[in-house]
Novice: 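Structure incoming, see below.
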Amino acid sequence: MTDSTHRTTAIILAAGLGTRMKSRLPKALHRLGNQPMINHLITTARQVFDDVVVVTGPDMPELEKAVRPFKTITQIERLGTAHAANTARALFGTGDVAILYADNPLITAETMQRLLAARREGASLVLLGMRPAEPGRYGRIVEDHGRVVKIVEFKDATEDERRITLCNAGVMCAGADDFRTWLANVGNDNAQGEYYLTDVVEMAAKAGPVVCVEAPEAELAGVNSRSELARAEATLQTRLRNAAMDAGVTLVAPETVFLSTDTVIEADVTVEPNVFFGPGVRVRSGALIRAFSHLEGCEVGENAMIGPYARLRPGTLCAAQTHVGNFVELKNVELGEGAKANHLTYLGDASIGSGTNVGAGTITCNYDGIFKHRTTIGERVFVGSDSILVAPVTVGDDALIAAGSVITSDVPPGDLALGRARQTLKSGQGLQIKQSLKARKEQG
């Protein structure tokens with residue numbers, strides 16, 4: 001970061017509609033790691049630059065909302081990248097300015113820092129470049145003795161220029177005043193009638209050295225289609241998985257675990273294959289997340305065991321030593337220390353005390369069609385299998401709910417609750433009914 005007279009600014013161009021995405025959603029709002037891809041770029045830019053400004057297009061209220069509280073300015077007409085950058089010229093400040101693109105969401109803070117460092121070493125303009133495995137139709141960066149001479153678009157390149165492997169990633173950095181001058185002089189004498197940011201390169205080369213900072217293709221490749229979005233997601237997931245393992249997490253089959261950008265997993269957690277972490281998940285040390293589980297908006301305590309095939313929904317807190325087993329779903333539940341719900345159970349809008357055991361097939365009926373209601377179960381309660389608790393209802397400490405009960409009234413501490421119909425026996429009628437049904441079937 002810099003002093004107030006030379007504050008650095010990141011200008012993020014995000015006005016693109018992303019027609020190749022075939023979506024009504026602005027391209028910058030398509031998600032990576034369960035958050036809009038522009039948010040990845042903003043989060044990284046904030047680590048390096050003093051100020052962040054986002055250039056949006058007209059009629060993009062969702063995008064403006066997503067990037068708050070950062071400054072936004074609207075590019076009323078989409079007349080090219082130089083026009084978009086020029087729209088924000090009043091917000092450039094007085095220090096160095098980097099022009100970034102919302103569809104390049106995976107640029108690292110290290111690369112941004114190298115961009116600024118090269119600028120401070122005396123370059124008039126610094127570009128980001130890459131050497132993709134398939135350069136394709138990327139613009140080529142033409143250098144002479146380590147200095148950039150120009151950027152040539154593929155369609156305008158000679159055969160020799162097309163053989164250049166160094167490709168333009170679009171990002172560039174220069175002094176604010178220089179950028180204002182160059183952008184004011186960019187013309188639109190081209191087939192598309194647009195103002196291209198790459199045109200400032202030749203102007204900058206006349207003012208001083210233009211240099212290129214290289215970074216890996218996976219970091220700089222743009223996202224312009226659904227397939228490119230999927231590739232970016234794969235890159236991001238690899239980063240997130242590696243960071244988790246470097247922090248002491250065991251991922252049994254890393255390529256099958258999907259993390260969100262904000263997932264927090266502490267050391268000595270083990271995650272089995274095919275686990276999905278949605279937004280807002282924290283897993284404490286020593287926990288075991290078993291295969292095919294889905295977690296979102298929840299916290300898992302120390303040495304807890306979740307799954308296999310468990311689903312933890314938003315608002316759920318599983319304390320230390322808890323067990324949540326196969327085909328159990330928890331929504332907005334506080335599961336006390338050492339409590340267990342091991343089989344085929346739905347618990348919603350409930351508080352469950354420490355040491356309580358919830359039997360297989362138990363349901364808290366929390367919704368009446370209009371309102372949600374809460375179930376409160378105390379400590380050391382045993383809830384028998386196939387029980388239904390109709391909220392609002394409270395079960396006291398040390399109570400026992402008999403299997404198959406429907407509980408509609410509060411249960412005092414220590415009591416036994418039986419809420420099931422009395423069993424009756426009809427002698428011989430079982431066999432008679434089966435024989436009658438079999439005869440009807442045989443008659444066709």
Novice: Arg20: what forms a salt bridge (Lys or Arg N to Asp or Glu O under 4.0 Å) with it, not counting sequence neighbours?
Specialist: Glu228
Novice: Between Glu161 (side chain) and Thr158 (backbone), is there a donor-acceptor pair under 3.5 Å?
Specialist: yes
Novice: Suppose the criterion is side-chain hydrogen bond (donor to acceptor under 3.5 Å, both in side chains): which pairs have a residue in residues 98-107, not counting sequence neighbours?
Specialist: Lys27-Asp103
Novice: Assess, by modelled atom type and distance only, whether the side chains of Thr356 and Glu379 contain a donor and an acceptor separated by less than 3.5 Å.
Specialist: no
Novice: Could you tell me whether the side chain of Thr43 and the main chain of Asn39 form a donor-acceptor pair under 3.5 Å?
Specialist: yes
Novice: Could I get the full list of side-chain hydrogen bond (donor to acceptor under 3.5 Å, both in side chains) partners for Thr235, not counting sequence neighbours?
Specialist: none
Novice: Is there side-chain contact between Ile12 and Ile38, with heavy atoms separated by less than 4.5 Å?
Specialist: yes
Novice: If we ignore hydrogens and angles and just use 3.5 Å, is the side chain of Thr256 paired with the main-chain N or O of Asn274 as donor and acceptor?
Specialist: yes
Novice: Among residues two or more places apart or on two chains, list those pairs meeting salt bridge (Lys or Arg N to Asp or Glu O under 4.0 Å) that have a residue in residues 73-96.
Specialist: Asp96-Arg119
Novice: Would you mind listing every salt bridge (Lys or Arg N to Asp or Glu O under 4.0 Å) that reaches into residues 240-261, with sequence neighbours excluded?
Specialist: none
Novice: Are any of the side-chain heavy atoms of Leu335 and Thr316 separated by less than 4.5 Å?
Specialist: no
Novice: Side chains of Ser351 and Arg374 only: does a donor on one sit below 3.5 Å from an acceptor on the other?
Specialist: yes
Novice: With sequence neighbours left out, which residue pairs that include part of residues 203-218 fulfil the side-chain hydrogen bond (donor to acceptor under 3.5 Å, both in side chains) condition?
Specialist: Arg131-Glu214
Novice: Does Pro58 offer a backbone N or O that forms a donor-acceptor pair with the side chain of Gln75 under 3.5 Å?
Specialist: no
Novice: For Ser260 and Gln35, does a side-chain donor sit closer than 3.5 Å to a side-chain acceptor?
Specialist: no
Novice: Within a strict 4.5 Å, meaning less than it, do heavy atoms of the Leu166 and Cys212 side chains meet?
Specialist: yes
Novice: Any donor and acceptor pair, going by atom type alone, linking the side chain of Asn326 with main-chain N or O of Gly307 inside 3.5 Å?
Specialist: no
Novice: Could you tell me which residues satisfy side-chain hydrogen bond (donor to acceptor under 3.5 Å, both in side chains) with Ser23, sequence neighbours excluded, listed by chain and number?
Specialist: His30
Novice: Would a distance-only check, ignoring hydrogens and angles, find a side-chain to backbone donor-acceptor pair under 3.5 Å from Ser385 to Gly359?
Specialist: no
Novice: Only one of Asn366, Thr375, Thr364 passes side chain to side chain donor-acceptor pair (under 3.5 Å) with Asp349; say which it is.
Specialist: Asn366
Novice: Does Glu272 use its side chain to pair, donor to acceptor, with the backbone of Ala291 at less than 3.5 Å?
Specialist: yes
Novice: Tell me the closest heavy-atom pair linking Met60 and Pro26, and the distance in Å.
Specialist: CE-CB, 4.1 Å
Novice: State, yes or no, whether a side-chain contact exists between Asn188 and Leu79 at a heavy-atom distance under 4.5 Å.
Specialist: no
Novice: Treating Glu334 as the side-chain partner and Ala350 as the backbone partner, does any N or O pair qualify as donor plus acceptor under 3.5 Å?
Specialist: no
Novice: Whether Lys150 and Glu202 form a salt bridge (side-chain N of Lys/Arg under 4.0 Å from carboxylate O of Asp/Glu) is what I want to check.
Specialist: no
Novice: Check for a donor-acceptor pair, side chain of Tyr367 on one end and backbone N or O of Gly369 on the other, with a separation under 3.5 Å.
Specialist: yes
Novice: Any ring-ring contact (aromatic ring centres under 6.0 Å, His included) pairs touching residues 246-293, not counting sequence neighbours?
Specialist: Phe276-His294, Phe292-Tyr309
Novice: Kindly indicate whether the side chain of Thr72, heavy atoms from C-beta on, has any atom under 4.5 Å from the side chain of Val53.
Specialist: no
Novice: Got a donor-acceptor contact below 3.5 angstrom from the Arg140 side chain to the Arg162 backbone?
Specialist: yes
Novice: Please report the shortest heavy-atom distance between Gly297 and Val281, naming the atom on each side.
Specialist: N-CG2, 3.8 Å
Novice: Are the charged groups of Asp177 and Arg180 less than 4.0 angstrom apart, N to O?
Specialist: yes
Novice: Which residues pass the side-chain hydrogen bond (donor to acceptor under 3.5 Å, both in side chains) test with Thr376, sequence neighbours left out?
Specialist: none
Novice: Find out whether Thr8 and Asp51 are in side-chain contact, i.e. whether some heavy atom of one side chain is under 4.5 Å from a heavy atom of the other.
Specialist: no
Novice: Please list, chain by chain and in numerical order, all residues satisfying salt bridge (Lys or Arg N to Asp or Glu O under 4.0 Å) with Arg239, sequence neighbours excluded.
Specialist: none
Novice: Taking all heavy atoms of Ile141 and all of Gly129, pick out the closest pair and write down the distance.
Specialist: CD1-CA, 4.0 Å
Novice: Show every salt bridge (Lys or Arg N to Asp or Glu O under 4.0 Å) that has at least one partner inside residues 297-310, sequence neighbours left out.
Specialist: Arg284-Glu299
Novice: Thr19: which residues meet the side-chain hydrogen bond (donor to acceptor under 3.5 Å, both in side chains) condition with it, sequence neighbours left out?
Specialist: none
Novice: Is any side-chain heavy atom of Phe382 less than 4.5 Å from a side-chain heavy atom of Ile401?
Specialist: no
